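Written out below as structure tokens is the structure these notes cover.
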Protein chains: 2
Amino acid sequence: MIKELTEKQKNVLQFIFNKIKNDKLPPTIREIAEEFGFSSTGTVRDYLRALVDKGYIKINEGKARAIELVKDAFRIPVLGAVAAGSPTLAVEDIEGYVDLNDLFFSDADIFALRVKGDSMIEAGIMPDDLVLVRRQQAAEIGDVVVALIGDEATVKHLVREGKNFYLHPANSAYQPIPVNEDVSLIGKVITSIRRYS
Amino acid sequence: MIKELTEKQKNVLQFIFNKIKNDKLPPTIREIAEEFGFSSTGTVRDYLRALVDKGYIKINEGKARAIELVKDAFRIPVLGAVAAGSPTLAVEDIEGYVDLNDLFFSDADIFALRVKGDSMIEAGIMPDDLVLVRRQQAAEIGDVVVALIGDEATVKHLVREGKNFYLHPANSAYQPIPVNEDVSLIGKVITSIRRYS
DNA sequence: TAATTTACCACACAGATGTATGGTATGTCA
DNA sequence: TGACATACCATACATCTGTGTGGTAAATTA
């Protein structure tokens, strides 16, 4: 289990946290010492040991700057259920942890597209949503795909009727678009994201 | 501008990339040399210089492991429009870049909730979607909020009718829920995410 | 009261690390 | 042809860096 930190230990952890965020590089022991005015590297070592013991960081011994934040202490939990008792949220059922970094460090060819129009609104894809698209020529029936029709990119369901394929909107106000030589498949929607202001 | 890399330079960049992803720590010059069988650190320095000159990395001189990936070369572009011409996607109108890391390194109290039920379906929030929630007691009219009703967490629109507040579903099959002492506001939905398999 | 934890200090040291200097060889481009 | 980029090599060195040893003092906990 993750144990409580003292105020000073929290400050040191926060500094490491910020360094990784801003410099994209964990600090050295001496950089930590300098930040807090410690004249001895041993002091920092004591702090790091405490943070390791309490489950907040891991240290890869011998390597320079090898302080790693322990994920479970920082990642956002995905909750399957939330139990009562405010102001503290009792975490009853953690499905897992969100780590969107995986998406961004994927080696696949991925890009994001801002959705225009309401043609997929019944599939929960609204105007101004962001869809992450993996570029690929192939797609399966039922996939949400991005296709180029002439010069315009469009997000649609790929469906099949008999021997013909259609780009099917999820909005009864729009007509399906037959897939022909004017239509080229760009990729498959793998994620949709919407931000609320 | 970002210039083309040679195959070997690409390999070195890929190695740095993977090291940062897997170890969460950029490699040292000697770690790179070992990976590629270089017997001289000078060789690695030449590669790093080339990568710096071509705009792929930045180096903080003097510091250990201080190789930083240049963001624009790696982040996923958010496209406002996509122009024709496959297989190369012509990027015409880049709105910006997605960096969800910001969310995860935020100091705000954020958690994610897996949506159950279809009560917000007309607002584009579908069953099994993931909503990122910022914990806060206050909310504004029109916000999508997460509230506890008894023991159950629910995602709804916060609306006002006269002097009364309601949790309003976005599905005509459901009734609005009056906000009373049995209802406690947990937070505000700031992002919704859906993944397609 | 005794043991433990927290919170610092000084000093030393081996090895890790970035950098410098100066090569060789090959291919490309103007 | 000459300048330049690419792709390596060997060696040296100052300093950075993690770690070890051994302290002191106060607060907390059993």
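Bear in mind the structure is a predicted one, so any value in this text is a computation, not a measurement. Here is how names work: the chains are called A, B, and so on, in the same order as the sequence lines, proteins then strands, and each is numbered from 1. We use all heavy atoms of the structure for the numbers below, so side chains are in, but hydrogens, waters and symmetry mates are not.
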Is there side-chain contact between [X] and [Y], with heavy atoms separated by less than 4.5 Å?
X: B/Y47; Y: B/I32; answer: no
X: B/I16; Y: B/L51; answer: yes
X: B/M120; Y: B/V144; answer: yes

task = Sugar-phosphate atoms are those with a prime plus P, OP1 and OP2; base atoms are the rest. Using that split, label each nucleotide of nucleotides 6-16 of chain D B, S or - for protein heavy atoms under 4.0 Å, 5' to 3'.
result = SSBBBB-----

request  = Mark up nucleotides 25-30 of chain D, 5' to 3', with B wherever a protein heavy atom is under 4.0 angstrom from a base atom, S wherever such an atom reaches only the sugar-phosphate, and - elsewhere.
outcome  = ------

query = For the helix from C/dT1-D/dA30 to C/dA30-D/dT1, how many degrees between its two end axes (five pairs per end), to the nearest 10°?
reply = 40°

Not counting sequence neighbours, which residues clear side-chain hydrogen bond (donor to acceptor under 3.5 Å, both in side chains) with [X]? List them please.
X: B/T154; answer: B/K156
X: B/N18; answer: B/Q14
X: A/R194; answer: A/D129, A/Y196

task = Output the distance between atom CD1 (B/I59) and atom CD1 (B/I29), rounded to the nearest 0.5 Å.
result =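 One finds 6.5 Å between CD1 of B/I59 and CD1 of B/I29.
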
ask   = Rest of the hydrophobic cluster containing B/Y174 (Ile/Leu/Val/Met/Phe/Trp/Tyr, side-chain heavy atoms under 4.5 Å)?
value = none

request  = Linking directly or through intermediates, with side-chain heavy atoms under 4.5 Å: list the remaining ILVMFWY members grouped with A/I121, chain and number order.
outcome  = A/M126

Who are the salt bridge (charged side-chain N to carboxylate O under 4.0 Å, His left out) partners of [X], not counting sequence neighbours?
X: A/K8; value: none
X: B/D23; value: B/K19
X: A/K188; value: A/D143

ask   = Under a criterion of less than 4.0 angstrom to any heavy atom of chain A, what are the 5'-terminal and 3'-terminal contacting nucleotides of DNA chain C?
value =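 For DNA chain C, the relevant span reads C/dT6 to C/dT17.
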
